[in-house]
Amino acid sequence: MLQLGFIRDNKEALIKGLKIRNFKDSELVLVDKIISLDDNRKSLQTDLDSKKAETNKLSKAIGDLFKSGKQAEAQEMKGNVSSLKEEIKSGEDKLSEIMKDLETNLLAIPNVPHLSVPAGTKEEDNEVYRAWPKDLPVLPESAKPHWELATKYNLFDLQLGAKITGAGFPLYRGKGAKLQRALINFFLDEADAAGYEEIIPPLLVNEASARGTGQLPDKEGQMYHVTEDDLYLIPTAEVPITNIYRDVILEESKLPIKLTGYTPCFRREAGSYGAHVRGLNRVHQFDKIEIVRIEHPDKSYAAMEEMIAHISLLLDKLELPYRILRLCGGDLGFTSALTYDFEIYSAAQKRWLEVSSVSNFETFQSNRLKLRYKDEDNKKSLAHTLNGSALALARIVAGLLENNQTEAGIVIPKALQPYTKFEIIN
RNA sequence: GGAAGAGUGGCAGAGCUGGUUUAAUGCACCGGUCUUGAAAACCGACGUACCUUAACGGGUACCGGGGGUUCGAAUCCCUCCUCUUCCGCCA
């Protein structure tokens with residue numbers, strides 16, 4: 001959610017940004033509507049505040065009269081307050097109505113895209129930020145997609161997952177399970193080495209947390225909802241980890257804050273189906289190591305570069321071909337100012353698979369979280385929040401299996417061998 | 001799940017028979033005096049959000065959340081949440 005002050009002061013920049021996001025003229029009137037609602041809010045509040053000040057003064061006077069025994073005068077004054085009270089009551093009703101209206105409209109405004117965000121409406125418009133510098137691997141015709149390899153080597157079983165739970169809940173077994181565990185530990189160790197504090201958060205969150213990071217009310221249908229207790233299964237560790245700092249005012253010297261956490265992630269992915277979701281390409285439950293940063297506004301983009309370097313290193317160590325995309329206005333998430341997607345190349349499927357998404361939310365998320373820092377002069381400002389996957393497992397596994405298949409079996413990259421304790425899956 | 005108790009400013013902790021509490025007091029933090037420096041002592045400032053003002057300043061709301069009673073609520077009532085202790089269940 002954007003700050004009202006920002007919208008008022010940067011109306012032109014906001015409208016320009018919304019156009020990058022392909023807002024139509026009919027939708028752009030929202031901005032003026034918000035400003036005029038806020039005007040109403042201000043004048044109404046000024047009016048209400050002065051009326052309340054008046055009643056406070058009168059109440060005090062009544063108390064003094066009672067104390068000095070002037071009952072009759074006190075009673076008379078009581079009568080004078082009642083009309084004022086009625087005006088306050090109706091004013092408050094009106095104010096809360098305006099506030100509600102204002103909030104609804106404010107929630108419809110996405111984050112302002114960073115200046116580097118390219119225009120565009122679809123995936124193909126995303127800009128290749130860093131291409132894979134070498135030739136893409138080519139596998140023999142006999143190469144198999146990962147779901148066939150999984151069956152051949154007994155690594156994971158989608159039918160069993162479906163039997164136990166439903167489609168999209170893979171069951172890993174044997175070396176497939178060990179590979180998962182190895183990747184999790186590898187990613188966590190790398191994050192630790194890069195200075196991120198490890199967190200094991202709750203996997204279910206309450207509504208306030210889901211709201212804090214912006215999953216609600218925007219992506220309601222994406223999350224599994226435990227209605228009995230009104231809790232949500234986390235779609236990403238970003239939610240519980242970032243909410244550590246909900247309603248917090250940090251000392252500026254505490255910045256930056258760097259956190260990481262491994263969690264399973266649950267996504268309903270309502271409405272997805274088809275060839276692109278076969279195997280591990282898109283599942284309801286997958287494992288992910290997330291990195292989260294809370295940064296000073298001046299340093300958030302430098303931090304973002306660091307995150308990109310960190311994730312690149314992981315993929316280099318895993319010897320996977322990858323490219324980095326800068327998302328266009330049409331593909332950019334609602335809450336993000338700038339997002340880079342990492343895609344690995346699956347040689348068997350002959351297509352790119354998204355394995356990581358790194359976003360800078362600037363103050364969009366921290367405004368809703370009420371996450372601030374105060375500087376030496378005690379001035380409070382919203383911090384910038386960023387996060388990225390480092391990395392998401394399911395598709396990494398898909399890529400490893402496919403790209404590393406040989407006659408002898410599937411070769412485990414050197415960097416991962418200390419974790420798997422085996423060099424080949426055969 | 002059952003019973004009892006409790007939730008007050010960064011922390012500790014009064015107020016809780018409704019009206020000099022504009023939330024006492026202590027500690028911590030910050031500024032100052034003193035000191036070669038520090039400590040101690042003393043003086044001062046010391047929450048968050050919003051409205052208003054060019055600024056100084058003024059105003060409103062907030063004592064776990066929400067609602068109610070009253071001219072007036074930290075204080076009374078209702079409701080929800082959380083924590084502590086005991087019991088039950090349990091990896």
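Here is the naming used below: chain letters follow the sequence lines, and residue numbers restart at 1 for every chain.
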Hey, what's the ring geometry for A/Phe169 with A/Tyr224, parallel, tilted or perpendicular (30° and 60° as the breaks)? tilted

Rounding to an integer number of angstrom, what distance separates B/C63 and B/A24 when you compare their P atoms? 15 Å

Can you tell me how far P in B/C76 sits from the matching atom in B/G1, rounded to whole Å? 28 Å

Before you tell me yes or no, could you show the steps for A/Arg282 and A/Arg267 under side-chain contact (heavy atoms from CB on, under 4.5 Å), namely the whole-Å CA-CA distance, both residues' side-chain angles and the distance that decides it to 0.1 Å? CA-CA 10 Å; A/Arg282 179 168 274 192; A/Arg267 297 190 184 177; over 6 Å; no

In whole angstrom, what separates A/Asp230's CG from B/U82's P? 12 Å

For B/A55, give its Watson-Crick or G-U wobble partner with both distances under 3.5 Å, or none. none

Atom CG of A/Leu48 to atom P of B/U60: distance rounded to whole Å? 12 Å

P-based separation of B/C34 from B/A39 [nearest Å]: 15 Å

Using purine N1 to pyrimidine N3 plus N6-O4 or O6-N4 for Watson-Crick, or N1-O2 and O6-N3 for G-U wobble, both under 3.5 Å, which nucleotide pairs with B/U36? none

Quick one: A/Leu250 CG to B/U48 P, roughly how many Å, whole number? 14 Å

Could you tell me how far apart A/Arg41 (CZ) and B/U60 (P) are, to the nearest whole angstrom? 17 Å

To the nearest angstrom, how far is A/Leu65 atom CG from B/G72 atom P? 15 Å

Under 3.5 Å: donor-acceptor pair, side chain of A/Arg293, backbone of A/Leu386: no

On RNA chain B, more 5' by nearest nucleotide between A/Glu54 and A/Val81 is A/Glu54

Among B/G72, B/A61, B/U48, which is the nearest nucleotide to the side chain of A/Lys52? B/A61

Counting only Watson-Crick pairs (N1-N3 plus N6-O4 or O6-N4) and G-U wobbles (N1-O2, O6-N3), all under 3.5 Å, who is the partner of B/U17? none

Pair partner, B/G26 [Watson-Crick or wobble, under 3.5 Å]: B/C11

When we call it a touch if two heavy atoms are under 4.0 Å apart, what does A/Leu58 touch: a base, just sugar-phosphate, or nothing? nothing

Side chain of A/Ser59: nearest nucleotide among B/U22, B/G19, B/U60? B/G19

Establish, with yes or no, whether the OP1 or OP2 oxygen of B/A61 is under 4.0 angstrom from a side-chain nitrogen or oxygen of A/Asn56. yes

Whole-Å gap separating P (B/C50) and CZ (A/Arg8): 13 Å

Mind checking the C1' distance from B/U33 to B/U82? Whole angstroms is fine. 46 Å

Look at A/Lys380 and B/G47 and indicate whether a side-chain polar atom (N or O) is within less than 4.0 Å of OP1 or OP2. no

Distance, P atom - from B/A74 to B/G9, rounded to whole angstrom: 15 Å

If B/G47 has a Watson-Crick or G-U wobble mate with both distances under 3.5 Å, name it; if not, just say none. B/C62

Tell me, please, whether A/Tyr153 has A/Lys175 positioned over its six-membered ring: NZ or CZ under 6.0 Å from the ring centre and within 45 degrees of its axis? no

Taking the same atom, P, in B/U25 and in B/C83, what whole-Å distance lies between them? 33 Å

Paired with B/G1: which nucleotide, if any, by Watson-Crick or G-U wobble criteria at under 3.5 Å for both distances? B/C87

Rounding to a whole Å, what distance do you find between A/Asp64:CG and B/C71:P? 17 Å

I'd like to know if A/Lys288 and A/Glu238 make a salt bridge, using a cut-off of under 4.0 Å between side-chain N and carboxylate O. no

Give a yes or no on whether a salt bridge exists between A/Arg8 and A/Asp39, defined as a side-chain N under 4.0 angstrom from a carboxylate O. yes

Residue pair A/Gln45/A/Thr55 against RNA chain B: nearer the 5' end by closest nucleotide is A/Gln45

Fit a plane to each ring of A/Phe186 and A/Tyr419, take the angle between them on a 0 to 90° scale, and name the class: parallel (under 30°), tilted (30 to 60°) or perpendicular (over 60°). perpendicular

Watson-Crick/G-U partner (both atom distances under 3.5 Å) of B/U75: none

What integer distance in Å separates A/Lys42:NZ from B/A49:P? 16 Å

Nearest-angstrom distance, C1' atom, B/G10 to B/A28: 8 Å

Say we look at B/A61 and B/G13: how far apart would their P atoms be, to the nearest angstrom? 29 Å

